[in-house]
Amino acid sequence: MPNPQFSPEGRVAIVTGGANGIGLALARELKARGARHVALADMDEAALQVAADEIGGLAFAIDISDENAVKAMVADVEAAAGAIGLYCANAGIGGGADPDPDDPSSASLETFERALSVNAIAHIVAAKAMMPLFRARRSGWFLNTISAAGLLSQIGSAPYSVSKHAAIGFAESLAYTVRDQGIGVSILCPQAVRTAMIGENPDEELKGGANVDGIMEPEDVAALTLEAMQRGDFLITPHAQVRGYMQAKAANYERWIGGMAKLRRRVT
Ligand SMILES: NC(=O)c1ccc[n+]([C@@H]2O[C@H](COP(=O)([O-])OP(=O)(O)OC[C@H]3O[C@@H](n4cnc5c(N)ncnc54)[C@H](O)[C@@H]3O)[C@@H](O)[C@H]2O)c1
C-alpha cells in the first residue's frame with residue numbers, strides 16, 4: 001500500500017517549535033493551503049503569543065518532551081478545534097559544538113541526553129499521544145522535522161548527529177508500521193535553513209559544513225514540504241544534493257567516511 005497523500009484543506013494541525021523559524025513557516029503555509037486550525041507549541045512564550053495571534057490558533061507554552069504536557073495539549077486541541085489530522089514534531093535544539101573538536105565524546109552526557117530528549121524522544125512522545133487517535137480513525141499524518149544530519153552527519157556536533165539519527169530510526173519504524181493503517185509519515189531533512197538555529201553569521205558559525213549547498217529560507221522549505229506531503233513522500237530533502245550524498249554513503253561506506261574526514265579537514 002503506498003503512503004497516503006496529505007491534504008491540508010480543512011485540517012486541524014499541531015506544530016511544535018511553531019513560534020519561530022521552520023515551524024512558524026510551516027504553520028503559515030498550512031493556513032495558506034486551507035488548514036482549519038493550526039495550534040502552536042513552543043517554550044519561547046513571547047514569540048509563541050505573537051505567532052499564535054497571527055495564525056489565529058491555540059498556543060501551548062510547553063516543553064514538547066514532557067509526555068503529560070503533550071497529552072494534555074492533544075486533548076485540549078481535540079476538544080476545542082476537533083480531530084487533529086497532522087502533528088508536526090518540529091521543535092529542536094542545536095546541541096552545540098563539541099567542546100573539544102577533536103573528540104566527539106567531549107560534550108557532557110547531560111548535553112547528549114537533552115539533545116536526544118528534544119530532538120528524538122519528543123517524536124516518540126508525540127506518537128504516544130497521537131497513535132491511538134490516528135489508528136482509531138485510520139487517518140492522520142506525522143511530519144517529523146529532522147535534518148540532513150540524521151541521514152549523513154553534522155561535523156563538530158556529535159549530540160546533534162546522534163539525536164537526529166535516533167529520530168530517523170523512530171520515524172522509519174513508524175512509517176513502515178502505520179502505512180497499512182492509513183496513516184502518513186514524512187521526515188523533513190534540510191541542510192542549512194535561515195533561522196535562529198544557525199546564528200547571525202552562518203557563514204562564520206556553520207563550521208561543520210551544513211551550508212555547503214547554500215542556506216534556504218524557511219518559507220521555501222515549508223512550501224516544498226507541503227508539496228512533498230501532498231505527493232505522499234516519506235523523505236523530504238529541500239536541498240536536492242542530500243539524496244546524492246545518501247546514495248554515495250550507501251554505495252561505499254568506507255569511501256564516505258574518508259570523504260567526511262576530508263570535508264572535516266576543510267571546514268574546521
Ligand atoms: N535551521 C537549520 O539550519 C536546520 C537544518 C536542519 C534541521 N533543522 C531542524 O528544524 C527544526 C526547527 O528549527 P529552526 O531552524 O526553525 O530553529 P529555531 O530555533 O528558529 O526554532 C526552533 C523552535 O523550537 C523551540 N523549542 C526548542 N526546544 C523546545 C522544547 N523542548 N519544547 C518546546 N519548544 C522548543 C524553540 O523555542 C524555537 O522556537 C529543528 O528540529 C532543527 O533541528 C534546522
Side-chain angles (χ1 to χ4, degrees), residues 14-29 39-52 55 59-70 73 87-96 111 113-126 143-155 157 159-168 170-171 186-203 205-222 224-225 235-239 241-242:
I14 290 178
V15 180
T16 73
N20 297 294
I22 297 170
L24 179 54
L26 281 170
R28 287 179 174 143
E29 192 66 30
L40 307 178
D42 207 293
M43 280 172 79
D44 180 347
E45 286 191 38
L48 175 66
Q49 209 43 64
V50 175
I55 301 294
F60 296 87
I62 60 169
D63 179 337
I64 46 78
S65 61
D66 176 341
E67 187 179 1
N68 290 331
V70 169
M73 168 176 70
Y87 192 104
C88 302
N90 165 83
I93 53 173
T111 300
E113 281 163 4
R114 184 64 186 152
L116 277 163
S117 176
V118 179
N119 293 345
I121 304 288
H123 297 194
I124 302 169
V125 164
L143 169 66
N144 298 321
T145 304
I146 305 184
S147 169
L151 303 166
L152 303 163
S153 197
Q154 176 65 51
I155 294 169
S157 181
Y160 194 70
S161 293
V162 168
S163 62
K164 294 296 184 177
H165 276 75
I168 296 275
F170 180 67
S186 299
I187 56 171
L188 170 57
C189 296
Q191 293 181 304
V193 184
R194 198 174 313 281
T195 71
M197 187 170 282
I198 66 169
E200 302 260 303
N201 300 300
D203 290 332
E205 290 175 30
L206 281 181
K207 296 224 167 66
N211 58 345
V212 288
D213 298 311
I215 300 172
M216 288 189 72
E217 300 304 323
E219 296 73 29
D220 296 332
V221 171
L224 285 170
T225 301
L235 174 61
I236 305 172
T237 51
H239 297 78
Q241 296 90 336
V242 169

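We count ligands from 1, going down the list as the structure has it; atoms in each ligand are counted the same way.
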Applying a strict 4.0 Å limit to heavy atoms, is [X] in contact with ligand 1?
X      : answer
Ile215 : no
Glu45  : no
Thr16  : no
Ile146 : yes
Arg194 : no

Hey, does [X] come in under 3.5 Å of ligand 1, counting only N/O atoms on both sides?
X      : answer
Ala41  : no
Thr195 : yes
Asn119 : no
Pro190 : no
Ile93  : no

| said: Judged on heavy-atom distance to atom 27 (C) of ligand 1, which of Gly92, Gly17, Ser65 sits nearest? | reply: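 Considering heavy atoms of Gly92, Gly17, Ser65, the nearest to atom 27 (C) of ligand 1 sits in Gly92.
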
| Proximal candidate to atom 39 (O) of ligand 1 [heavy atom criterion; set Asp66, Leu24, Asp42] |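 Result: the heavy atom closest to atom 39 (O) of ligand 1 is in Asp42.
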
| request: Nearest 0.5 Å please: distance from the CG atom of Leu224 over to the CG atom of Leu188. | output: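 One finds 9.5 Å between CG of Leu224 and CG of Leu188.
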
| query | So, does Ser161 use its side chain to make a donor-acceptor pair with the main chain of Ala149 at under 3.5 Å? | reply |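 Flag not set: sc Ser161 to bb Ala149 has no pair under 3.5 Å.
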
| Thr16 side chain to Ala91 backbone, donor-acceptor under 3.5 Å |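 Checking the backbone N and O of Ala91 against the side chain of Thr16, a donor-acceptor pair under 3.5 Å is found.
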
| field | ligand 1 contact on Ile62 by region, counting heavy-atom pairs under 4.0 Å | value |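 The answer is the backbone of Ile62.
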
| Going by the order shown, which atoms of ligand 1 are within less than 4.0 Å of some heavy atom of Ala192? |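 So the answer, numbered in order with elements, is 3 (O).
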
| query | Who pairs with Glu217 by side-chain hydrogen bond (donor to acceptor under 3.5 Å, both in side chains), at least two apart in sequence or on another chain? | reply |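 Applying side-chain hydrogen bond (donor to acceptor under 3.5 Å, both in side chains) to Glu217 gives Arg194.
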
